[in-house]
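First the structure, in the form of structure tokens, and then the observations on it.
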Amino acid sequence: MINREEKSFNAKLKNPIYRINHDFELLYMQQMEFQRCSKQADASLVKMKCKIDKYSFAETSLHFFHVNNPLRKVLLEITMSIWFDWFILLVIILNSICLAYDVQTDNWSQWNETTEKIFLVIFTIEIILRIFAKGLIVGKYTYFRDFWNVFDFIIILIGWIGEMQNEIDPTLMRTIRLFRPLRAINSFPELKLIILSIMKSVPLLLDILALFSLVILIYAIAGTRIYAGLYNQQCYTQDGNTTGVYCYLDPSCKEFEVNCGRSNSGCGDGEYCWDSNLNLNNGVTSFDNIGISILTVLNVVFIEGWSPIMFEGRLAYNEVLTNDLFFVSLIVIGAFFLLNLIKAVLFVKFHEVVSEEKLLEKNKGIIFDEKVMCDFKPKEPEDNSGIWYCWYFIRIKLYIFIQSNIYYWLYGAFIMTNTFILSTEYYGMSKSHENAVLCADAIFTWIFFAEMVLKLIALGIKGYAADNFNIFEAFLVVFGLSEIIVMNLSYGFDSIELRFLRTARIFRFFKLARRWKGLKYLIEKAWKSAELVIYLGILCFIVLFVYAIIGVQLFKDKLYEDGEVSRTNFNNLFWAIVTTFQLFTDENWNSVWYDSVNGVGWWATVYYLSILSIGSYVLFDFFLAILLEQFEESKEEKKLYRSNSELTEASLTDQKLEKRRREIFEKKIRQINERQYDPLPIYGKSLYLFSVDSKIRQNLRKVVLHPYFINWTFWVLILAAIFITFDKAIPDPYEFKVATVGRYFTLSCYWIEIIIKVIVSGFIFGKHAYLKDGWNILDFVIVIVHTVRLSTRLIWENSIPADIYIFTQAILSFRVLRLVSRNETLKKIVTSIISAFPVLFNVMILSLLDYFMFGVVGVIYFKGAFYTCSDPSIEKEDDCTGQYFNGTDFLDREWKNTDYNFDNILRGMNLLFQISSIEDWPNFMFTIVDAVGQGQAMKRDHNQYAALFVIVFLFITTFFVVNLYIGAIVTKFGEIHNELDGSLILTHKQKEWVETQKLLLKVSPKIKYIRPKNKIRKILFDLVLDYKFDYLVTGCIVMNMIFLCLYNSELDEELWHVLYFGSVGFTVLFSIECGLKIIGLGPRYYFANKWNLFDFIIVLLSLISFSETIIAKNSITLAKLLRVVRSLRLIRFFKHFKRIFDSLLLSLPSIANVVILIFLLLFIYATAGATLWGNLQFGQYISSEKNFTDFYNSFMVLFITMTGEDWDLLYSECMGMEGCNDWTVCGNPWIAAIYWVSYEVLAAFIFMNIFIAVLLENFTIENEDNPLRGVTSRDLDNFVKAWSNYAPYGEHFIRTKYLPKLLNELEAPLGFKGSRLSRLQLISIIYALKIKEYNGKVMFSECLWALAGAVSGEDMPIGAPSIVGKSMNGNFQYKVPRLPNKSITSTEGTYAAKTLVAYVFYEMWKSRKEAREKRNLFAATHISDQP
């Protein structure tokens, strides 16, 4: 009799998926039993599951159709088939093409209606089939449990509603249909993975957006207060015509007063400054009201077209430093800081999703088949004679040959030679040169054909095809032979259409990379990420396609520039896609936005901001997240490999491994101890004169180690840097004399420092000789150059050649790098950059190969095609002769070339490098699109599809290869950080300790308010600590911001009075708030809170600002602007704000160091630039605003170009002009190339990416119960709460006698609440923790550090000379204050436990003394009472 359970089991076995999983379960159990019987406990087992689990579905569909139902089986097979997915994808693509055609023609015809109905029917059938197959909604894996299925259903449902209801607006229905291409996402699981990562990032991205919006609002309000009404002031001639030059209107000038304030107004002679009622960029850019101010601030933050806004602000506000500080701080905080947080969030969430997917695949037990490398070595035949043996003999010899190094280097030589020949084409080359190139190309084609034949013979067809690269080579050879055959058979045939395939031969270089370890590593990382990058590219194209179609509907025939159709437009679908891609890259988006606002209105801003947010700052940043994930995986692999290679051998047991790890760890500690206890060891005789015992040497050693000497050398460096900044193109006589005296003084100090250090350490010979340090070598070389320069100038005065003088002056700027050696964090960053150079060099090789490949294509198709005639009516070079009339004069016709072109491979690669920097790439693209051919003038949009050449190059290079720079920097930064912290050699317990200490960096004592006894103060105390009072204050802050937002350039008298009295009222309210808190909490409690101190300063400055007699006008404006900063108090009231803000605060120390390092880079290049380019004549781009005439202007120009703003234009002007012999006036192409390319690589590709590395290192998602840490955030909160009972004012010290009570009140794991330990037991625990005391007090950080270290299980206290402890001490300096006064001291070996024991003895003695006194008193009283 079969029971019910057996029937249920038999029914489940009918399900094929359940049956397969059941069989796998039985197999796993058999393996476990076999393992137990054979006693092979080390053998690894794999528990497998049916791979069809990824197509999960409900057991019952629509309550009727079981999984064994024949109809449902058929539907499952159909909907789960890969062919069904491809069919639906094909239909989606066809539907998208029809939508594009509909938008392109803007004509809804009968054909459109028919195709629309056909697609709707197909999509409806798909939905019905999937619902029957998977189930409707009841069940885990049913149709409507998937978000993308719901999205599909809504889109199709709206489509049918539009077909049935004719009253609905067709434009609305057409707009909704535009989202239908997004259904393609459902066809790619990889796209769902990317979308899932983005969706998980949304909460944090919204937090960043909220903080970002607050910062934007603060700067917009400040900008409105400073610049309202100033961006429409222009210069006018006496006849009332504007010159278009913006100016400063002096308030003292009368209306239309000519030459008034001319010295600082910016207007010329005979002109006056007045309101033009037209703001910058055709009225789009200004600070006239809060709305336009917000958009202008966003324009600046997105670092595109921001420098003209800053320069016009200089003229309009007439305050250079204040103006520049406003814009530079906005760029640093908004662009460099907040926007880069998006990259960190995307990477963190993508890493989480990928880790979850890997864990899921691991739990499912899915086995991935690995390709087995077979040996295709020819096998010797049994018969050693005959033709087959001869054939074997030939094959084996060829096999040995192709495996040898000789073949490798010979093959490499052929590839390099062929590559060189490909690069020899240039515009204007002779016919013989062209024939030689074609001949050499044919020869190499036959050589590679012969190489292919040899491989086929040696490996056989199967062995040859086993390597995919061989198949690719065969493809190249076949096309090369096809080109030769076609050229020989077809007389006069121009094979230019096939010649681009020659560039593919460069890919052969990657075959050589198999023996180039670093390059092979990068190629593997790029190849592993290629699949996800391709899918991300598909997602980008889908979103781009949707935005392009929407753009055509919104902006078609509406974008004009100077009366003509703008080059970036939406007039057809192709240019809409190109323009949308341009917006995705964030390049010149502001120009398109300006045209759109002037064409359709301000509502166009929504379209452009959404594109920038989704495309540029989410999707394109995701490329970096994918590459960083690959580097993260390789980092884990490298850690495992390094630990195995350094710490283990094949025969080491676990005990030997632990012993070896401990030996290495102790060795590292000894090295640090040697440096700690003997920071400047001396050996042997210095300069063969001074022995180790020499008094002079010993005294000078004390001088070198003295803090005063270190500070003296530091300030000498600062002073020398200040004197360097005095260099100008036209120096001021007084400044020149001061700088000259300063240079002699600092040079004397340099020599004194060198002489002292040489006497102490030796010059060349010796373990720690002076020239054994790289920084000292840099110092010595610069001092020698400085000495020779000043000496020759003193002797021969002005007879030194200008070139030598300029170059030596530029070299001196490198002296400031010595400041790096004074800061450990800066040294870490510099070390990470230097150590990353090998990887960066390999990335550079990949980039150069990319530039070379596309450069060869550009030379083939575009050489000599970028010429135009100065007479626009001439279209051919032969006709560009004689003179023409330009409307005023007769001029000679000239056949001119553009500055950047593809006339040879070097020029082509230079052009591609500038395109890869993103800056101004649309204009380069338009030049390529306009190219007609050799001898013909360019014509607008002659070949619009040539734009795809630039787009493909950008996608491959900028969003893939260039991001490898960031990956290399971030990876190396993390590795150097781990090496310096010693985490590469830590045990698991020690790593837990490290994670605990990182968590401690976020903890500090909190204030515990004590209720006063005074009745009035009690009432005020309860009032100010009530959450309703906080809500009231928050409301006042919000209302204050609203009042500040009402300020604009056209204030009438009534509104001005409202704002003035509102400002007075809010100042009074916040003053009352301060007074209530001071009285209710008490002054000490009030000022213990930093936010209260911040409020008090703002209120004080606000009160002072109402009296113009006390402070200057600019200070009044600053004081008023500080009221806006009060809105930062909103951060502490909102949890989401606080989480991001805390992450930013944690990053501030590292960010500050990065800013210092970037400042040093800018300083070096600014001083060198002022020397090299200070005398350049002004042109189109180097002007009175952007120039190198002094240090400040050079610094600002370099900061602007660091953001990617117009660096290519400045580079072109520094390259010089024809017919000019003085390069200091006209520029030099070689010096300009070295200067600008090196600066762009260092600043944009390396130093700016360190921001991302630092943010990724410090940006952590708070996890309350992280299993790696021994202590959680809740435990730390409990400690802070218990500490506040004994330090109510937030002090970092409490009395030592309270420490046992603290531990007794503190909950586990840090404390012993409820353990009922005696006082002596607690003192024993404190003794074991080795907590030190400072004059009867213990420190917050040391107590917490010791307790957390005990919980994590490693004895690594704060004072230990350990690797990680050394690093943690450095970080704790930002959290732990110095000892409050000199009376609080601590000596080695003074622990709190000893004091506590003394307290015990003292209390015992005191109690016994009191008991004795009581007995004596009682006895005396008793005796006196007796008769």
Side-chain angles (χ1 to χ4, degrees), residues 667-721 723-724 741-796 800 804 807-824 826-827 830-831 834-835 1361:
K667 181 179 179 182
K668 293 280 187 180
I669 291 177
R670 285 197 300 271
Q671 292 174 355
I672 291 178
N673 286 338
E674 288 178 2
R675 291 195 295 268
Q676 274 188 331
Y677 299 124
D678 195 1
L680 186 61
I682 54 177
Y683 304 95
K685 279 192 174 183
S686 170
L687 300 176
Y688 300 103
L689 296 175
F690 304 98
S691 63
V692 176
D693 299 328
S694 172
K695 291 185 177 180
I696 296 176
R697 193 176 181 186
Q698 289 292 340
N699 290 330
L700 290 179
R701 179 178 179 272
K702 294 178 181 178
V703 170
V704 172
L705 294 176
H706 200 282
Y708 287 167
F709 181 82
I710 297 173
N711 293 331
W712 175 72
T713 56
F714 174 80
W715 286 109
V716 168
L717 287 172
I718 297 296
L719 188 62
F723 288 136
I724 289 175
V741 173
R743 289 192 184 98
Y744 283 111
F745 172 75
T746 54
L747 180 62
S748 304
C749 295
Y750 292 157
W751 276 115
I752 293 173
E753 176 191 0
I754 290 174
I755 292 171
I756 292 175
K757 289 183 176 180
V758 167
I759 293 175
V760 172
S761 302
F763 186 56
I764 300 176
F765 304 105
K767 187 176 180 181
H768 298 283
Y770 181 79
L771 292 184
K772 291 293 180 70
D773 189 309
W775 294 106
N776 291 337
I777 294 175
L778 175 66
D779 270 358
F780 188 73
V781 171
I782 292 177
V783 169
I784 291 295
V785 172
H786 197 177
T787 303
V788 172
R789 179 175 175 271
L790 289 182
S791 301
T792 52
R793 185 175 180 179
L794 184 64
I795 297 172
W796 289 287
I800 305 175
I804 298 177
F807 282 117
T808 54
Q809 179 67 18
I811 290 174
L812 296 180
S813 59
F814 287 93
R815 174 79 184 185
V816 296
L817 287 177
R818 195 70 175 88
L819 296 173
V820 175
S821 62
R822 310 293 185 187
N823 187 291
E824 289 296 326
L826 291 180
K827 288 175 69 176
V830 173
T831 304
I834 295 174
S835 63

ask   = Just by modelled atom types, is the V758 backbone N or O under 3.5 Å from a matching donor or acceptor in the S761 side chain?
value = no

ask   = If you measure from CD on E753 to OG1 on T746, what distance do you get to the nearest 0.5 Å?
value = 11.5 Å

inquiry  = For K685, I'd like to know if atom NZ has over 12 heavy atoms of other residues, nucleotides or ligands within 6.0 Å.
reply    = no

request  = Output the distance between atom OG1 (T713) and atom CD1 (I718), rounded to the nearest 0.5 Å.
outcome  = 10.5 Å

query = Can you name the nearest heavy-atom pair linking L771 to I777, along with the distance?
reply = O-CD1, 3.3 Å

ask   = Heavy atoms, side chains only, cut-off 4.5 Å: are F780 and N776 in contact?
value = no

ask   = Less than 4.5 Å apart, any side-chain heavy atom of L719 and any of F745?
value = yes

query = From Y744 OH over to T787 OG1, what is the distance, rounded to the nearest 0.5 angstrom?
reply = 10.5 Å

inquiry  = How long is the straight-line distance from CH2 of W751 back to CD1 of I756, given to the nearest 0.5 Å?
reply    = 13.5 Å

note = CD1 (I752) and CG (L747) are apart, to the nearest 0.5 Å, by 10.0 Å

query = Taking the side chain from Q698 and the backbone from V692, do they hold a donor-acceptor pair closer than 3.5 Å?
reply = yes

task = Calculate, to the nearest 0.5 Å, the distance between atoms CD1 and CG belonging to I755 and L687 respectively.
result = 10.0 Å

remark   = For I764 and A769 the tightest heavy-atom approach is O-CB, 3.3 Å

query = What do the steps show when you test I696 against F690 for side-chain contact (heavy atoms from CB on, under 4.5 Å), and what is the final call?
reply = CA-CA 8 Å; I696 296 176; F690 304 98; 4.1 Å; yes

request  = May I ask you to decide if the ring planes of F763 and Y770 are parallel, tilted or perpendicular, using 30° and 60° as cut-offs?
outcome  = parallel

key: Residue pair K757 / F709, side-chain heavy-atom distance below 4.5 Å   = yes

